[in-house]
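What follows is a single structure, written as structure tokens, with notes after it.
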Amino acid sequence: MGKTGFLLPLLVVVLLPTFEATLSADSPTNITTDQLALLALKSHVTHDPRNLLATNWSTTTSVCNWIGVTCGSIHHRVTALNFSGMGLTGTIQPHLGNLSFLAWLKIRYNNFHGPLPVDLANLRRLKYLNFGNNSFSGEIPLWFGSFTKLQTLLLYENNFTGVIPSTLQNLSKLETLGNNTLGYAKFVKMLASILLL
Ligand SMILES: *[C@@H]1O[C@H](CO)[C@@H](O)[C@H](O)[C@H]1NC(C)=O
Ligand SMILES: *[C@@H]1O[C@H](CO)[C@@H](O)[C@H](O)[C@H]1NC(C)=O
Ligand SMILES: *[C@@H]1O[C@H](CO)[C@@H](O)[C@H](O)[C@H]1NC(C)=O
Ligand SMILES: *[C@@H]1O[C@H](CO)[C@@H](O)[C@H](O)[C@H]1NC(C)=O
Ligand SMILES: *[C@@H]1O[C@H](CO)[C@@H](O)[C@H](O)[C@H]1NC(C)=O
Ligand SMILES: *[C@@H]1O[C@H](CO)[C@@H](O)[C@H](O)[C@H]1NC(C)=O
């Protein structure tokens with residue numbers, strides 16, 4: 001009893017900041033947030049040749065049943081998106097940054113264009129990111145450096161400009177930053193620029 005009385009305040013002091021951090025990062029979002037984020041994406045898809053989103057992404061069923069969407073079994077939140085080869089044309093909306101449990105984002109072989117919104121920097125659980133073979137433009141964002149769990153980053157066949165930001169050097173888990181990241185010739189040029197920083 002005496003020992004517990006001593007430990008409790010200590011535990012509160014140690015646990016409180018962690019709890020608060022978790023609260024501010026995660027508590028305002030739920031599966032409804034995920035649905036809004038995906039509907040925002042859908043509404044900015046201007047071409048969907050197989051009508052996949054139009055027919056399948058219906059609000060009468062859970063987003064977890066939507067084509068290309070996977071939810072986690074613990075939190076029942078969206079953990080993976082796979083739009084590989086769906087032939088979609090559109091832009092990426094800031095709302096996508098609200099998918100706070102997203103670990104896997106694969107949208108290769110589509111025609112998404114425009115710059116990437118900074119709100120995506122909130123996707124702190126991302127481990128896999130494949131934007132390959134789209135028409136994204138603008139600089140490769142510095143804030144890719146906030147994806148501390150990132151293991152794979154694929155940006156090949158896009159219209160990005162500039163250099164690979166030096167912030168990527170801090171991503172200790174990053175394994176696939178190679179030929180495939182940007183395409184070989186561009187990669188060699190950009191690697192040179194990283195080494196010179
Ligand atoms: C999600 O949170 C909002 C408020 O932030 C609430 O109105 C809504 O009912 C919640 N949805 C679910 C499915 O829990
Ligand atoms: C959407 O596609 C998924 C996966 O192919 C399928 O399981 C589901 O039944 C479809 N839903 C609708 C409403 O068509
Ligand atoms: C992603 O989608 C593509 C095309 O629908 C499919 O071939 C592939 O198996 C999917 N990958 C995963 C990991 O679900
Ligand atoms: C989601 O993201 C958008 C843009 O980043 C923001 O305006 C919105 O308030 C966010 N929250 C929810 C719960 O949708
Ligand atoms: C990129 O995707 C297009 C279709 O969107 C395809 O025709 C082309 O072969 C792909 N390029 C590569 C290098 O895979
Ligand atoms: C991307 O760059 C290529 C040339 O490298 C150009 O032909 C194409 O029109 C550009 N696409 C966009 C969407 O800017």
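Atoms within each ligand, like the ligands themselves, are counted from 1 in listed order. Quick caveat, the model's predicted, so the values are computed rather than measured.
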Are any protein N/O atoms closer than 3.5 Å to the N/O atoms of ligand 3? If there are, list each pair with names and the distance to one decimal place.
from: ligand 3; atom 1: 2 (O); to: N82; atom 2: OD1; distance (Å): 3.2
from: ligand 3; atom 1: 2 (O); to: N82; atom 2: ND2; distance (Å): 2.4
from: ligand 3; atom 1: 11 (N); to: N82; atom 2: ND2; distance (Å): 2.8
from: ligand 3; atom 1: 14 (O); to: N82; atom 2: ND2; distance (Å): 3.2

Using a strict 4.0 Å cut-off to heavy atoms of [X], name the atoms of ligand 4 that fall inside it.
{"X": "D119", "result": "5 (O)"}
{"X": "P94", "result": "4 (C), 5 (O)"}
{"X": "N98", "result": "1 (C), 2 (O), 3 (C), 8 (C), 10 (C), 11 (N), 12 (C), 14 (O)"}

Should the proximity of T33 to ligand 1, defined as any heavy atom under 4.0 Å, be assigned to the side chain, the backbone, both, or neither?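 It is neither; nothing of T33 touches ligand 1.
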Any donor-acceptor pair under 3.5 Å linking the side-chain atoms of Q35 with those of T33?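 On atom types as modelled, these side chains do not qualify, holding no pair under 3.5 Å.
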Would you check if there is a donor-acceptor pair between the side chains of S135 and N111 at a distance under 3.5 Å?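 Yes.
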Is a donor on one side and an acceptor on the other found under 3.5 Å between the side chain of [X] and the backbone of [Y]?
{"X": "N51", "Y": "T55", "result": "no"}
{"X": "N134", "Y": "G132", "result": "yes"}
{"X": "R124", "Y": "A121", "result": "yes"}

Counting from 1, what ligand 1 atoms have a heavy atom of I31 closer than 4.0 Å?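 With I31 as reference, the close atoms of ligand 1 come out as 13 (C).
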Residue K42 excluded, over 12 heavy atoms near NZ under 6.0 Å: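 Result for NZ/K42: enclosed.
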In this structure, which one of L116, L154, N110 forms a side chain to side chain contact (heavy atoms under 4.5 Å, CB included) with F131?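 The option that passes is L116.
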Using the ring centroid of each side chain, check whether W57 and F83 are separated by less than 6.0 Å.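 When the ring centroids of W57 and F83 are compared, they turn out to be within the sub-6.0 Å range.
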